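Beneath this line is the structure, given in structure tokens, with notes to follow.
Order of appearance sets the numbers: ligands from 1, and atoms from 1 within every ligand. These numbers come from a predicted model, not from an experiment.
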Amino acid sequence: MNILLLGKTGQVGFELDRTLSPLGTVNAPGRETLDLMNEKAVANYLVSAKPDLIVNAAAWTAVDVAEDHQTSAERLNAGLPAQFASYAGANSARLVHFSSDYVYPGDGDQAWLETSETGPLSVYGRTKLQGDQAIEQSGADYLIFRTSWVYSARGNNFMKTMLRLAKSKTELNIVADQVGAPTPARLIAQATTLAIHGTLARGLYHLAPRGETSWHGFAQEIFRLAQKNSEQLAMGPESAYPIPTSDYPTPATRPLNSRMDVSKLEQALNIRLPDWQSQLDQTLSEYLEQQ
Ligand SMILES: NC(=O)c1ccc[n+]([C@@H]2O[C@H](COP(=O)([O-])OP(=O)(O)OC[C@H]3O[C@@H](n4cnc5c(N)ncnc54)[C@H](OP(=O)(O)O)[C@@H]3O)[C@@H](O)[C@H]2O)c1
């Protein structure tokens, strides 16, 4: 199988570059080879690469910056997946794509289902939703994995920011009224690869660990596990104080409720997804070993 992977330098793409290789020949052009903002260059690349499977882990993920860069966010999050879906539909190829909890309106306290009404609160969320809808309407063979709060041992993410801050600060105020599931990039890559290998039926699936927490709860667990791993921190979990989102204003509005029901994917793959705490334990250990 001829696999085209986009976004190999990102959190999810980096992990996919490793996990996809047993499935076929992985061709993963970086930004220097293929600028995904350039529609014509992408079209030409597809014609010459002739992929059987496109795995798109590239996106405009700078949520706050997107508020002032709508055109660029639209190109990467909506136009690009639409372009891939159009190629896949016309060439009997398959498209695997990643979406976000930010497509949901964030109200209430029930976990969203794949069939739940969407209602993005930000440019990022709106453009991600446009990408999903373009794929769904294309007629192509596709898988969309909607995930949340991605982090990994590499890249810029909340886990690494918290560890860095806890080395110099003696206390931190952290948002406690946004609830979701922190998802390691490695889990996304593993489940995606399993799904491709097992020929999961076309459609949209939620993909996140089991359980839920707030950013405050996530940070406390990061500090607890770091201390358990003998990391020298200037503060512990007890010095992380909960604050409401209203005390931490950002350009883009965040959903308060990012809970996603993952039972559709679990049933389709006949697996039970791990809980977020054990995933954090693994990812944090991996990061600390690299230091
Ligand atoms: N991060 C989250 O919390 C989160 C939450 C829910 C869903 N998701 C979704 O999960 C997927 C993967 O996210 P991630 O966190 O792994 O993203 P990421 O770490 O920000 O990586 C984005 C990737 O896209 C590439 N890219 C961006 N613009 C490009 C361009 N013009 N030309 C070529 N490459 C370009 C980046 O390349 P460079 O390294 O060269 O910039 C990078 O490889 C995305 O679809 C995202 O929307 C993410």
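Listed by number with element, the atoms of ligand 1 under 4.0 angstrom from any heavy atom of K128 are 44 (C), 45 (O), 46 (C), 47 (O). Shown in contact with T147 at under 4.0 Å from a heavy atom are these atoms of ligand 1, numbered in order with element: 6 (C), 7 (C). Atoms of ligand 1 found under 4.0 Å from any heavy atom of L34 (numbered from 1 in listed order, with element): 32 (N), 33 (C). Shown in contact with M37 at under 4.0 Å from a heavy atom are these atoms of ligand 1, numbered in order with element: 31 (N). Here is the list of ligand 1 atoms found below 4.0 Å of a heavy atom in F98: 10 (O), 11 (C), 45 (O). The atoms of ligand 1 that sit less than 4.0 Å from any heavy atom of G7 are 23 (C), 43 (O). For ligand 1, the atoms sitting less than 4.0 Å from at least one non-hydrogen atom of A57 are 12 (C), numbered in the order shown with element in parentheses. Each of the following atoms of ligand 1 lies closer than 4.0 Å to a heavy atom of D35: 30 (C), 31 (N), 32 (N).
Some N or O of V12 is nearer than 3.5 Å to an N or O of ligand 1, by distance alone. For the pair Y124 and ligand 1, the shortest N or O to N or O distance falls below 3.5 Å. For ligand 1, the polar-atom distance check finds no N/O of N56 at less than 3.5 Å from any of the ligand's N/O atoms. Geometrically, ligand 1 and S100 share no nitrogen or oxygen pair separated by less than 3.5 Å. Geometrically, ligand 1 and A58 share no nitrogen or oxygen pair separated by less than 3.5 Å. Between D101 and ligand 1, not a single N/O pair is under 3.5 Å apart. Every N/O-N/O distance between L76 and ligand 1 stays at or above 3.5 Å. In terms of polar-atom proximity, defined here as any N/O pair under 3.5 Å, L36 does make such a contact with ligand 1.
Just one of Y124, W112, W149 meets the ring-ring contact (aromatic ring centres under 6.0 Å, His included) condition when paired with Y102; it is Y124. Paired with Y151 under the rule ring-ring contact (aromatic ring centres under 6.0 Å, His included), one option of F218, W276, F158, Y287 passes, and it is F218.
In this structure, a donor-acceptor pair under 3.5 Å is absent between the side chains of R18 and Q190. Using modelled atom types and a 3.5 Å distance limit, the side chains of R126 and Q70 yield a donor-acceptor pair. No side-chain N or O of N77 forms a donor-acceptor pair with one of Q130 less than 3.5 Å apart. S99 and D132 are linked by a side-chain donor-acceptor pair at a separation below 3.5 angstrom, with hydrogens and angles left out of the test. T213 and E221 share no side-chain donor-acceptor pair at under 3.5 Å.
The protein heavy atom nearest to atom 15 (O) of ligand 1 is Q11 NE2, 3.0 Å. The protein heavy atom nearest to atom 41 (O) of ligand 1 is R31 NH2, 2.8 Å. Scanning the protein for heavy atoms near atom 44 (C) of ligand 1, the closest one is A59 CB, 3.5 Å. Looking only at protein heavy atoms, the nearest one to atom 7 (C) of ligand 1 is S99 O, 3.2 Å. Residue, atom and distance of the protein heavy atom nearest to atom 21 (O) of ligand 1 are G10 CA, 3.2 Å.
In summary, R254 and D101 do not engage in a salt bridge, as defined by a charged side-chain N under 4.0 Å from a carboxylate O. For the pair E15 and R186, the salt-bridge criterion is met [side-chain N within less than 4.0 Å of a carboxylate O]. Ion pairing between a basic and an acidic side chain is recognised when a charged N comes within 4.0 Å of a carboxylate O; D281 and K228 show such pairing. Note on E212 versus R259: salt bridge recorded, some NZ/NE/NH1/NH2 to OD/OE distance being below 4.0 Å. In summary, D275 and R210 do not engage in a salt bridge, as defined by a charged side-chain N under 4.0 Å from a carboxylate O.
Residue Y102 does not touch ligand 1, judged by heavy-atom distances below 4.0 Å. Contacts between A185 and ligand 1, counted as non-hydrogen atom pairs separated by less than 4.0 Å, are absent for every part of the residue. Neither the backbone nor the side chain of R146 has a heavy atom within less than 4.0 Å of ligand 1.
Using 4.0 Å as the threshold, S152 has no heavy atom nearer than that to any atom of ligand 1.
Contact detail for L284 and A226: the closest heavy-atom pair is CD2-N, 3.5 Å. When all heavy atoms of N2 and A49 are compared, the pair lying nearest together is ND2-O, 2.8 Å. Across all their heavy atoms, W60 and S72 have their closest contact at CZ3-CB, 3.4 Å.
Which of V150, T9, N77, L16 comes nearest to atom 39 (O) of ligand 1 through a heavy atom is settled by distance: it is T9. Nearest to atom 18 (P) of ligand 1 by heavy atom, out of N38, T61, V63, is T61.
Counting heavy atoms from C-beta on, the side chains of L172 and F223 come closer than 4.5 Å.
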